[in-house]
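See structure below.
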Amino acid sequence: MKIESAKLIVCSPDRNFVTLKIVTDEGIYGLGDATLNGRELAVAWYLTEHVLPCLIGRDPFQIEDIWQYLYRGAYWRRGPVTMSAIAAVDMALWDIKGKALNTPVYNLLGGKSREGVLVYTHANGADIAEAVDSVQRHAAEGYLAVRAQSGVPGVASSYGVPKSGKPYEPAERGLPSESLWSTEKYLNFVPKLFDAVRNACGEDLHLLHDVHHRLTPIEAARLGKALEPYHLFWMEDPTPAENQDAFRLIREHTVTPIATGEVFNSFWDAHDLIRNQWIDYLRMTIVHGGGITALKKAADFAAVYQVRTGFHGATDLSPVTMAAALHFGLAVHNFGIQEHMPHTKLTDEVFPHAYSFNAGYMYPGDAPGLGVDIDEALAAKYPYQRAYLPIARKLDGTLTDW
Ligand code: CS2
Ligand code: MG
């Protein structure tokens, strides 16, 4: 079998997605997600101009060799654009191999380690009462794990809280919007939020919270300690992770479990965090982390240190990544949890898929390959539109981490 052609499909059904389609001389094709929120066209152009011409004529079964060719062969290593591009090729090749062998991708990764993939979803509200209500509604839908975010009094447009009753979607069309941030108000507020949520929802529901890289290590340590009575499943991205040592300090002060890594693009971004056991869950996911091939190695390394997977699964990760993550999560032994922020109905129509949700778990389905397709005619009706993630400023105007 040989790769005959490859192309990019860039579309915007409610939000932007970059999808790679690799076609073989036997008519089998594979899909890969190449979406990098707010920087979509950089990856599309990297693939079109620098990667796709090198793939034509290659054997799509040689996934490891092609991964190394794109990683080592570029000379310039890592970075979200490069690694998302490599990931898209990698996903498409696993999809092709599954289809060619007539088996779901999870069987190529070692087979099922479990029957379903535990997922968590997002609950949010403008204030504590709305957030509690939202958590309860998601629990009633069958979710066993729910992330809770709430507007912080005195801080306009908090992270994770939707505007004007729409579902929460971090990227917005047009130029970047600005939001405000106050660490002091946030730190005083969050324990009250979880006190209310835990009291209303009982002990069994898994609760999660995303700090979104906004605290210093000592501030994060204070938050982790304050949240201990509510036994969170995890506190996410408590502090930026460029300096991996920062997590040591948090760890020394609190037993609240820590998840990080949604912005990582290489195993080396997580290496010290894992081998020192400063984190409990790795958030790096298939599309931004270099594909299934790269994440399998990272997950196996993490397994040795009892660190589990907790992959990013926001709406900017297309249904192709969602499917890849579900096959992965069904197979690897040290799976922890998978984020599930459902896509819009229109996005689901553009990407028909075999995966499904039932009673707190997701199932990749038994279709050969990844089990996701793209309706190209429908996608063509929704062309790319420039969109950005917001930026954040402190109350005095200083730019800070969003
Ligand atoms: C996030 C996302 O889902 C999460 O945990 O932190 O909302 C993230 O901000 C976006 O996916 C960025 O593209
Ligand atoms: Mg997050």
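Both counts, for ligands and for their atoms, begin at 1 and track the order of listing. Remember, it's a predicted structure, so these values are computed and weren't measured experimentally.
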>> Please list the nearest protein heavy atom to atom 11 (O) of ligand 1 with its residue and the distance rounded to 0.1 Å.
In response: D316 OD1, 2.7 Å
> Judging by distance only, is a nitrogen or oxygen of Y168 under 3.5 angstrom from one on ligand 1?
Replying inline: no
> Hey, is ligand 1 close enough to Y120 that some N/O pair sits below 3.5 Å?
Replying inline: no
>> Any heavy-atom pair between the side chains of Y159 and Y168 that's under 4.5 Å?
In response: yes
> Closest N/O/S atom of E236 to the Mg ion (ligand 2), by atom name?
Replying inline: OE2
>> Taking 4.0 angstrom as the limit and counting only heavy atoms of D210, give me the atoms of ligand 1 inside it, by number and element.
In response: 1 (C), 4 (C), 5 (O), 6 (O)
> For atom 7 (O) of ligand 1, which protein heavy atom lies nearest, and how many Å away is it?
Replying inline: Y159 OH, 2.8 Å
> Hey, is the main chain of A126 close enough, under 3.5 Å, to the side chain of E130 for a donor-acceptor pair?
Replying inline: yes
>> How far is atom 6 (O) of ligand 1 from the closest protein heavy atom, and which atom is that?
In response: E262 OE2, 2.6 Å
> For ligand 1, which atoms, with element, lie under 4.0 Å from some heavy atom of H312?
Replying inline: 1 (C), 2 (C), 3 (O), 4 (C), 8 (C), 10 (C), 11 (O)
> Using 30° and 60° as the class limits, which term best fits the ring planes of H312 and H288: parallel, tilted or perpendicular?
Replying inline: tilted
> Any idea which of M341, E339, E169 brings a heavy atom closest to atom 3 (O) of ligand 1?
Replying inline: E339
> What heavy-atom pair brings H271 and Q244 nearest, and what distance separates the two atoms?
Replying inline: N-OE1, 3.8 Å
> Which residue from H212, E236, H340 reaches closest to atom 5 (O) of ligand 1 through any of its heavy atoms?
Replying inline: E236
>> Give the atom numbers and elements of ligand 1 that come within less than 4.0 Å of a heavy atom of N37.
In response: 12 (C), 13 (O)
> Are N358 and Y363 linked by a side-chain donor-acceptor pair shorter than 3.5 Å?
Replying inline: no
> To the nearest 10°, how many degrees is the angle E262 OE1 to the Mg ion (ligand 2) to D210 OD2?
Replying inline: 180°
> Is E219 salt-bridged to R214, cutoff N-O under 4.0 Å?
Replying inline: no
>> Quick check on contacts: which atoms of ligand 1 are under 4.0 angstrom from a heavy atom of R147?
In response: 3 (O), 4 (C), 5 (O)
> Using the ring of each side chain (for Trp, its six-membered ring), is Y106 parallel, tilted or perpendicular to H327, with breaks at 30° and 60°?
Replying inline: parallel
> Does K345 pair with E349 as a salt bridge, N-O distance under 4.0 Å?
Replying inline: yes
>> Rounded to the nearest 0.5 Å, what separates atom OH in Y120 from atom CD1 in I337?
In response: 7.5 Å
> In ligand 1, which numbered atoms sit nearer than 4.0 Å to a non-hydrogen atom of W402?
Replying inline: 9 (O)
